[in-house]
Q: 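Please see the structure below; I have some questions.
Quick note on labels: first sequence line is chain A, next is B, and so on, each numbered from 1.
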Amino acid sequence: MSGELAKTYKPGDFEDRIYRTWEESGSFHAETDERKRSFTIVMPPPNITGRLHMGHALDQTLQDVLARWRRMQGRAVLWLPGTDHASIATELKVAGEIREKEGKSKEDLGREEFLKRAWEWKGLYGGKIAEQMRKLGNSCDWRRERFTMDEGCSRAVKEFFVRLYKKGYIYRGNRIINWCPGCMTSLSDVEVEHEDVNGKYWYFRYLGVGGGDIVVATSRPETMFGDVAVAVHPDDVRYKRLIGAKVELPVIGREIPVIADVYPDPDKGTGAVKITPAHDANDFAVGERHNLEKISCIGRDGKMNNLAGKYAGMDRFECRKAWVRELEDAGFLVKTEKRAIPAGTCYRCGAVVEPLLSDQWFVSMSELAKPAAEAARSRKIVHTPERFEKVYLRWLDEIKDWCVSRQLWWGHRIPAYYCGVCGEIIVSAEEPDACPACGSAKLRQDEDVLDTWFSSAIWPFSTLGWPEETADLKYFYPTDVLVTGYDIIFFWVARMAFSGLEVMKDVPFRHVYVHGLVRDAEGRKMSKSLGNGVDPLEIINNYGADALRFTLLSGVTPGNDVRFQTEKLEASRNFANKLWNASRFVIMNLKDENGAFLPVAAAARLRGEDVWILSKADETVREITANMEAFELSLAARKIYELTWNEYCDWYIEFVKSRLYGTDEEDKQSARHVLLRVLRDILRLLHPFMPYITEEIWSFLPRGEEEALLINESWPAGGGISDDGGAARKIELAMEAIRGIRNLRAEAGTAPSKKLRAVILAAPGARRDLEAESEHLKNVARLSEIVFASGREEIPEDAMSAVVAGAEIFIPMDELLDYEAEFERLSRERQRLESETARISAKLSNAGFTGNAPEAVVAAEREKLLKYEDMLAKVTARLGALADKR
RNA sequence: GGGCGCAUAGCUCAGCUGGGAGAGCACCUGCCUUACAAGCAGGGGGCCAUAGGUUCAAGUCCUAUUGCGCCCACCA
């Protein structure tokens, strides 16, 4: 890169260019390399339904930070990107678009044509998503980009299905499943969201055949057409005598038995429950126990069927109203009770889910779930934050079979074939030519597709080439960390765990880093219906990707939700701007008037502030590295922010200016050396968080041993700085003095341009420290606009003066004029010191404290006490002098 | 019904394994000081939800309570 770092920070001017540079350099690409340790993250593939939202931005930024950091540490980093076909969601979108644009249903188009359209959709949105990921700065390996329905993944899905089938884990059965009348497909349990809706209990009288009526309560009267029994608890004295008798369904007139089962709770409702095995999972279980008929009265479209008589064809909810009215008119309604009733809704379309009896494919989960749970218990899979392990385990421990077939077209078609002659079911990855049982060629493939999450479950290894035993698989599996939101622990995390353990015999990931949701500024969930979603691209256009990334990571706790606020965005952008300008300053000072780099000392002659900033940087390197290891990315981000702004910019650069503008050539070179060295460390530390700006600045720095690209630069190691001479302490004293004098000036209202005279008290410690290197004094003078009195004049005990910096520096009062203000200020100071010394004395005279607290803590308290006592004495003396002269 | 999270400065939130309360924004005062007004310097503002307990020491650990939020669950 030639030329100069632009005057103003405009991320839009360089972000895209930087990204191209990275991509073209091959830095994102991972190769198996036995000399290196691998670090693998497979990206949770975003759905191809549309654009990326803030949740993706957060999710992917976290991954990118980890990937970039590990890459800098020298690991062979594979961050594998991809997208998900999102069966239901995409099918709804595509069908919706066709309906809108062409007025046709998907059935009008037919399966083949519809799939063609869906693939076109994938091509369009898949590409858009990849572009968005690039904008974010994702350092993923595009050469390995995958799609859940690409050839390799499709093959893996079939293979996985066949293997589970052969081991007896997959079966086909006619059972109660969750049916979504909106999407017209079955759903798994986790795809049903539970919410309470305002509803009613209706109490109906079922007339006993030969006396003995029973009143049952129901929230779903329309299912009465499918009733096959009334169940009561065997010990319920109210109904004991009726067990075995028959009752008559109101109006319908059909007779059904009264049965005894432990399912009814005598304390709930009337204690008697109508049993509708075809429309309720519990009733289904009761029906199985008692060998009852299963009568369906509601169809897949959510409408009543012929069994509902005159209500046939009517929507289930319409029917409910009409049917209740009829029952009421006929005198069967005993009472009505308003109350909240639980309703299951489809997580995609929101329709009320209908439990239906249906032929579906299931994965038998109990055995498969055990190793997955065990992996967490034995810490082979570690959750961060830990609490999510409980969530994961609870689900696996109480797992139910997984309905994996979907009555959709967009997805992996189930590799099962039915013989049209003998009815044999053939499950095979390859399409069979003939029925192995009867030899017939009349074979028909199952019409259904698999649950989207079935292919997601094998994502960590299907993307690495499984079922082939590839080198990639061997090298990159198991992956190191899975980054994902807490909302898909069941959908995805747990299922990947059992799939990986079943197929690969090893966990799919060692760590699960769970993050929260991105909410809007008011704390509401971002959603399409609320229209409060924020487009990451728009933010990037206005603030830059770096600011967006930093914002998403700052001030958050792992696993907790983040509020997205523009103020935070501005703060991040301002931080980038600060770094930009500081870098401009540094680069400017590294060059001569012709723009050529000036010599920089190979090894600097370190002065106090150099040692101070270098040790601060070192400390930060150590801390940040530890934070990264522990996934404390937010803490790491804050520390690099503080080092950059509060230490490097606010103090070090200010300290070093006098040297840069001085004449001591060796000293100037030293200053440049440290300035550059620390800036490089800052850029390295910040790079995972703000990759673009750091890379751009890096390109304008002089290059020695350094990499051409920051992305390939190594993570700073830290160490190597020793502060034997107590340089940091002296610098901090100088800082204290500067702050104290500035404070004094501000309170006295002294004009900023007015120079004040000051005198250092001939106190042994501080004076020596401040004078030890006269540069400190100069800096104090320069940065607080004072002039030190010449020589080592003693201040007479009764001189009028103000006191700052641990009572070591005096400013003659005639400079300040406001005696009253200074008197008050010192009084406050005395009060503070008195209460502090009292507090510490009490602490130190407590045998419990001195006996139990660590030695270092006690020693620190002793030191503090001495310091405060000394200060108190001086302040008191000055106060006395002031009072006399006032 | 079970489980979990959150309650800290006006707002949004940090505070890691217990040792003198922090940031950003907002607010007040003064500054366009040749890196930066997207900035600089200074300042005000908090019984860290409540009540107990453990400890020499609690925002930090334990128990209970209150309020808000989330997840799970087969109450007809």
Q: Are a donor atom and an acceptor atom from the side chains of A:H290 and A:D261 found within less than 3.5 Å of each other?
A: yes
Q: How many Å lie between CD on A:E567 and C1' on B:G10, as a whole number?
A: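 So the two atoms are 13 Å apart, to the nearest Å.
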Q: If you check the A:C649 side chain, which of B:A35, B:G15, B:C6 turns out closest?
A: B:A35
Q: B:A38 C1' sits how many Å from A:K10 NZ, rounded?
A: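 My rounded result for the distance is 14 Å.
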Q: Could you tell me how far B:G3 sits from B:U63 if I compare only their P atoms? Round to whole Å.
A: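 Those two atoms are separated by 12 Å.
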Q: Would you please confirm or rule out a distance under 4.0 Å between OP1 or OP2 of B:G39 and any side-chain N or O of A:N574?
A: yes
Q: Return the nucleotide paired to B:C32: Watson-Crick means purine N1 to pyrimidine N3 with N6-O4 or O6-N4, wobble means G-U with N1-O2 and O6-N3, both under 3.5 Å.
A: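 Across all strands, not a single nucleotide pairs with B:C32.
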Q: When you compare the side chains of A:S188 and A:E191, does any donor N or O come within less than 3.5 Å of an acceptor on the partner?
A: yes
Q: Would you say A:K657 places a side-chain N or O within less than 4.0 Å of OP1 or OP2 belonging to B:A35?
A: yes
Q: By nearest atom, which of the nucleotides B:C6, B:A35, B:A76 is closest to the A:I653 side chain?
A: B:A35
Q: Please report the distance separating the P of B:U60 from the corresponding atom of B:G5, rounded so that it comes out in whole Å.
A: 15 Å
Q: Only pairs with both distances under 3.5 Å count, Watson-Crick or wobble alike; so what is the partner of B:G52 in this structure?
A: B:C62
Q: Between atom CD1 of A:I693 and atom CZ of A:R549, what is the distance when rounded to the nearest 0.5 Å?
A: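 Reported value, rounded in 0.5 Å steps: 12.5 Å.
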Q: With sugar-phosphate meaning primed atoms plus P, OP1 and OP2, does A:S634 contact a base, only sugar-phosphate, or nothing at under 4.0 Å between heavy atoms?
A: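 It contacts nothing in the nucleic acid.
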Q: Identify which nucleotide among B:C71, B:C56, B:G39 has an atom closest to any side-chain atom of A:F490, counting heavy atoms from C-beta outward.
A: B:C71
Q: Applying a 4.0 Å non-hydrogen cut-off, can you work out what A:G555 is touching in the nucleic acid: base, sugar-phosphate, or nothing?
A: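 Here A:G555 touches the backbone only, sparing every base.
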Q: Does any N or O donor sit under 3.5 Å from an N or O acceptor when you compare the side chain of A:K390 with the base of B:C4?
A: no
Q: What integer distance in Å separates A:I682:CD1 from B:A35:C1'?
A: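 Checked: the CD1 to C1' distance equals 14 Å.
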Q: So which nucleotide from B:A76, B:G24, B:A38 ends up closest to the side chain of A:N577?
A: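 For A:N577, the side-chain atoms sit closest to B:A38.
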Q: How are the rings of A:F14 and A:W580 set relative to one another: parallel (under 30°), tilted (30 to 60°) or perpendicular (over 60°)?
A: parallel
Q: Going by the angle between their ring planes, with limits at 30° and 60°, are A:W323 and A:F225 parallel, tilted or perpendicular?
A: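 The arrangement is tilted - the two ring planes meet at 30° to 60°.
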Q: Taking the same atom, C1', in B:A9 and in B:G24, what whole-Å distance lies between them?
A: 12 Å
Q: Distance check: side-chain N/O of A:T557 vs OP1/OP2 of B:G15, anything under 4.0 Å?
A: yes
Q: By the 4.0 Å heavy-atom rule, please label A:P342 as base, sugar-phosphate, or nothing.
A: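 Since only primed, P, OP1 and OP2 atoms lie under 4.0 Å of A:P342, the category is sugar-phosphate.
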Q: Quick check for you: among B:C6, B:A35, B:C75, whose closest atom lies nearest to any side-chain atom of A:Y201?
A: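 My answer, after comparing the listed nucleotides, is B:C75.
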Q: What is the distance, rounded to the nearest whole Å, between atom CG of A:D267 and atom P of B:C75?
A: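 Nearest whole value for this atom pair: 15 Å.
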Q: How many angstroms lie between CG in A:D196 and NE2 in A:H194, if you round to the nearest 0.5 Å?
A: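 Here the rounded value is 10.5 Å.
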Q: So, A:K568 versus A:T566: side-chain donor-acceptor pair below 3.5 Å or not?
A: no
Q: Looking only at the side chain of A:Y263 (C-beta and beyond, no hydrogens), which of the listed nucleotides B:G42, B:C74, B:G5 gets closest?
A: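 Out of B:G42, B:C74, B:G5, the nucleotide with an atom closest to A:Y263's side chain is B:C74.
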Q: To the side chain of A:K578, which of B:G39, B:A76, B:G19 is closest?
A: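 The answer is B:G39, which lies nearest to the side chain.
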Q: Considering heavy-atom distances to RNA chain B, does A:R832 or A:T218 have its closest nucleotide positioned more toward the 5' end?
A: A:R832
Q: Tell me what A:R220 touches on the nucleic acid: a base, only sugar-phosphate, or nothing, going by heavy atoms under 4.0 Å.
A: nothing
Q: In the structure shown, which nucleotide is the Watson-Crick or G-U wobble counterpart of B:U12, with both distances under 3.5 Å?
A: B:A23
Q: For residues A:Y641 and A:N646, is any side-chain donor paired with an opposing acceptor at under 3.5 Å?
A: no
Q: Could you tell me the separation between the OH atom of A:Y392 and the P atom of B:C4, rounded to a whole number of Å?
A: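 Checked: the OH to P distance equals 19 Å.
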Q: Rounded to the nearest Å, what distance is computed from the CG atom of residue A:D650 to the P atom of nucleotide B:A23?
A: 13 Å
Q: Scan A:K400 against the nucleic acid and name what it touches under 4.0 Å (heavy atoms): base, sugar-phosphate only, or nothing.
A: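 Sugar-phosphate, no base atom in range.
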Q: Can you tell me the pairing partner of B:C47 across any strand shown, Watson-Crick or G-U wobble, with both distances under 3.5 angstrom?
A: none
Q: Taking atom P in both B:G22 and B:G44, what distance in whole Å separates the two?
A: 12 Å
Q: Find which nucleotide of RNA chain B each of A:W645 and A:F585 is nearest to by heavy atoms, and output the residue with the more 5' nucleotide.
A: A:F585
Q: Between the base of B:A38 and the side chain of A:R573, is there a donor-acceptor distance below 3.5 Å?
A: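 Side chain to base: pair present.
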Q: Applying a 3.5 Å limit to both distances, which nucleotide forms a Watson-Crick or G-U wobble pair with B:A57?
A: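 Across any shown strand, B:A57 pairs with none.
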Q: Nearest to the side chain of A:Y641, which nucleotide is it out of B:C40, B:G24, B:C36?
A: B:G24
Q: So what does A:A582 touch, heavy atoms closer than 4.0 Å: a base, only the sugar-phosphate, or nothing?
A: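 It contacts base atoms.
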Q: Quick one: do A:R573 and A:E570 make a salt bridge, cutoff under 4.0 Å?
A: no
Q: Please give the distance between the P atoms of B:C75 and B:U12 as a whole number of Å.
A: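 Their P atoms lie roughly 36 Å apart.
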Q: Touch check for A:N743, heavy atoms < 4.0 angstrom, all strands: base, sugar-phosphate only, or nothing?
A: sugar-phosphate
Q: Which part of the nucleic acid, if any, lies within reach of A:G271 when heavy atoms closer than 4.0 Å are counted: base, sugar-phosphate only, or nothing?
A: base
Q: Can you figure out which of B:G19, B:G2, B:A35 approaches the side chain of A:Y661 most closely?
A: B:A35
Q: Can you tell me, in whole Å, how much space there is between the P of B:C62 and that of B:U55?
A: 16 Å
Q: A:N846 near the nucleic acid: base, sugar-phosphate alone, or nothing, with a heavy-atom cut-off under 4.0 Å?
A: sugar-phosphate
Q: Can we say A:E354 and A:R316 salt-bridge, meaning some charged N sits less than 4.0 Å from an Asp/Glu carboxylate O?
A: yes
Q: Checking base pairs now: Watson-Crick or wobble, both atom distances under 3.5 Å. What partners B:G69?
A: B:C4
Q: Using the side-chain heavy atoms of A:R394, tell me which of these nucleotides is nearest: B:G5, B:G3, B:G39.
A: B:G3
Q: Whole angstrom is fine here: how far is it from CG in A:L660 over to P in B:U34?
A: 16 Å
Q: Regarding A:E654, tell me which of base, sugar-phosphate or nothing describes its non-hydrogen contacts under 4.0 Å with the strands shown.
A: base
Q: Measuring only the P atom in each nucleotide, how far is B:C28 from B:A35? A whole number of Å is fine.
A: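 B:C28 and B:A35 have their P atoms separated by 29 Å.
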Q: Please report the distance separating the P of B:G39 from the corresponding atom of B:C47, rounded so that it comes out in whole Å.
A: 30 Å
Q: Any side-chain N or O of A:R563 under 4.0 Å from OP1/OP2 of B:C13?
A: yes
